[in-house]
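Read the structure below first, then the notes.
Ligands are counted one by one from 1 in listed order, and the atoms in each one are counted from 1 as well. Everything numeric here is computed off the predicted structure, so don't read it as measured data.
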Amino acid sequence: MRSSTDEKQVEPSDRLDCAQTQTLAPLRVVKLPSDTLLAPSHPIARLPVEWEQRVVAWGEPAYRGKQIFDWIHRQGVLNPDEMSNIPKRLRELLKEDGVGWPIEIVSVHESADGTKKLLMGMPDGEKVETVLIPQLGDERLVTQCISSQVGCAMGCVFCASGVAGLKRQMSDAEIVAQVLLCRRELSTGQRIRNVVFMGMGEPLHNYDAVARALVLLTHPEGIDLSKRRVTVSTSGLVKQIDQLGKDFDGQVQLAISLHAVRDEERSRIMPVNRKHGLKELTEALRRYPMSKRQRITIEYTLIEGLNDSLADANGMVELLRGIPVKVNLIPMNPISASDLRAPDSSHVTRFQEQLTRRGLSVFVRKTRGDDVAAACGQLAFHGESRRTAGRE
Ligand code: SAH
Ligand code: SF4
């Protein structure tokens, strides 16, 4: 989202030869309230209107564009040869255009509780993880936790991705393909009902790709997730929280990684707080446009001796006063790079009770899939891990 002009011209794909290129009409990219959605990075990140323009430029009727979008996003078919109602000439053009998977499943580890962790590989050799979590009590409904970056630049000390540092951004197509691909891993009767950006990476540090992914994930002619069932979790990038609110009218579920209620402590464990302190963050939450029934999710990783005192619980109540929230307490999952750990469970319960007594609605997030290191904050590189100097 960069230009403030009404429409942006997009160069035709350089995969096409010159003769075809001359016949292509320029694509117009889609408008969002705050700005213009960046052009798709890959054919599978195109929206129906963009496909229509593309096929018309190829001399085919516009309705073919919708058919192709349907194959990719509704049916999860990316091999043009399997698109049975698409004529052969157009299938060949799709192949030349690069329609195909931008990411593949490298391995699947299933946990005793039914949670599946999938390692996904990209053509440049980078890997990310995504997790499928069947709902307790109704396994047909699955929550998918997806990644938005390879690594993360934000450097939170309790998080494996943060310790590893940012390797690169993920593209819009790579982000969405995690969902398209994982639908194939579901058992009969299961469906992905919720998608949470709680895998590797800080989604709002990759705003343009994530914004297009959000439009695609919730597109009624495609995957068609309800916006309320897509959660963007952030460590607190204030400008982008405002932008997200504006672009999606507050309908995308927002989760904030709070983890400490005083600036001094939060800055110590989350470097982002040195740039956007708690006052600035809570002001952004108060501005986030939401319907009366919506709540912002507050994630709070409980770390023994660091943020788990009753004074912290009381501080949280004061800090969040007047903001519609629900609080998720996450006993810290251990990571190899740190000695920090969760308090014992009776302490977690006391912390929860204090918040509840003071009027907050609080859940303790049950750790799922921890026997395959699939729990929150345990997603990190396989093999080499590195730290980058660049922070936000
Ligand atoms: N970068 C985003 C989303 C990915 S992290 C964010 O920080 O919000 C998803 C959630 O897992 C965040 O709330 C994060 O703080 C939490 N988390 C990270 N490491 C953790 C750990 N070791 N134990 C428990 N939760 C952790
Ligand atoms: Fe990045 Fe989130 Fe981990 Fe912090 S908690 S390092 S923002 S992935």
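Ligand 1 places these atoms under 4.0 Å from at least one heavy atom of F197: 3 (C). Atom numbering of ligand 1 starts at 1 in the shown order; those under 4.0 Å from a heavy atom of E299 are 10 (C), 12 (C), 13 (O). Close approach of ligand 2 to C156 is summarised as follows: ligand atoms under 4.0 Å from at least one heavy atom of the residue are 4 (Fe), 5 (S), 6 (S), 7 (S). Taking every non-hydrogen atom of T234 and a distance limit under 4.0 Å, the qualifying atoms of ligand 1 come out as 6 (C), 8 (O). Per-residue contacts place C159 under 4.0 angstrom from the following atoms of ligand 1 (heavy atoms of the residue considered): 18 (C), 19 (N). Interface atoms of ligand 1 facing I330, defined by a heavy-atom separation under 4.0 Å, are 24 (C), 25 (N). Using a 4.0 Å cut-off to heavy atoms of G162, the atoms of ligand 2 that qualify are 6 (S).
Ring geometry for Y300 against F351 counts as parallel: the plane angle stays under 30°, on a 0 to 90° scale with 60° as the upper cut.
The environment of CZ in R91 is crowded: more than 12 heavy-atom neighbours from other residues, nucleotides or ligands sit within 6.0 Å.
The closest approach between a heavy atom of S257 and any atom of ligand 2 is not below 4.0 Å. Residue contacts with ligand 1 include G199, since one of its heavy atoms falls under 4.0 Å from the ligand.
The cluster map of Ile, Leu, Val, Met, Phe, Trp and Tyr, joined by side-chain heavy atoms under 4.5 Å apart, puts L217 and V49 in the same cluster.
The option with the heavy atom closest to atom 14 (C) of ligand 1, from among M270, H259, M154, is H259. Of the listed residues (S257, S338, A342), the one carrying the non-hydrogen atom nearest atom 12 (C) of ligand 1 is S257. For atom 16 (C) of ligand 1, the candidate residues are V157, N333, T301, T297; the nearest heavy-atom contact is made by T301. Distances from atom 5 (S) of ligand 2 to the heavy atoms of G151, C152, C159 put C159 nearest. With distances taken over non-hydrogen atoms, the option nearest atom 8 (S) of ligand 2 out of G201, P203, S235 is G201. Comparing heavy-atom distances from atom 1 (N) of ligand 1 across C152, G201, S233 singles out G201 as nearest. Closest heavy-atom approach to atom 5 (S) of ligand 1 among the candidates E202, Q149, M198: M198.
Between G236 and L281, the shortest heavy-atom distance links the atoms CA-CD1, 3.8 Å. Contact detail for S171 and A209: the closest heavy-atom pair is C-CB, 4.0 Å.
A donor-acceptor pair shorter than 3.5 Å cannot be found between the side chains of E202 and S148.
Salt-bridge formation is detected for the pair E92/K95: a Lys NZ or Arg NE/NH1/NH2 atom is positioned less than 4.0 Å from an Asp or Glu carboxylate oxygen. Salt-bridge check for K167 with D124: failed, with every basic side-chain N at 4.0 Å or more from each acidic carboxylate O.
Residues satisfying the side-chain hydrogen bond (donor to acceptor under 3.5 Å, both in side chains) test with R191, not counting sequence neighbours, are none. Under the rule for a side-chain hydrogen bond (donor to acceptor under 3.5 Å, both in side chains), the partners of Q354 that lie at least two apart in sequence or sit in another chain are N314, R357.
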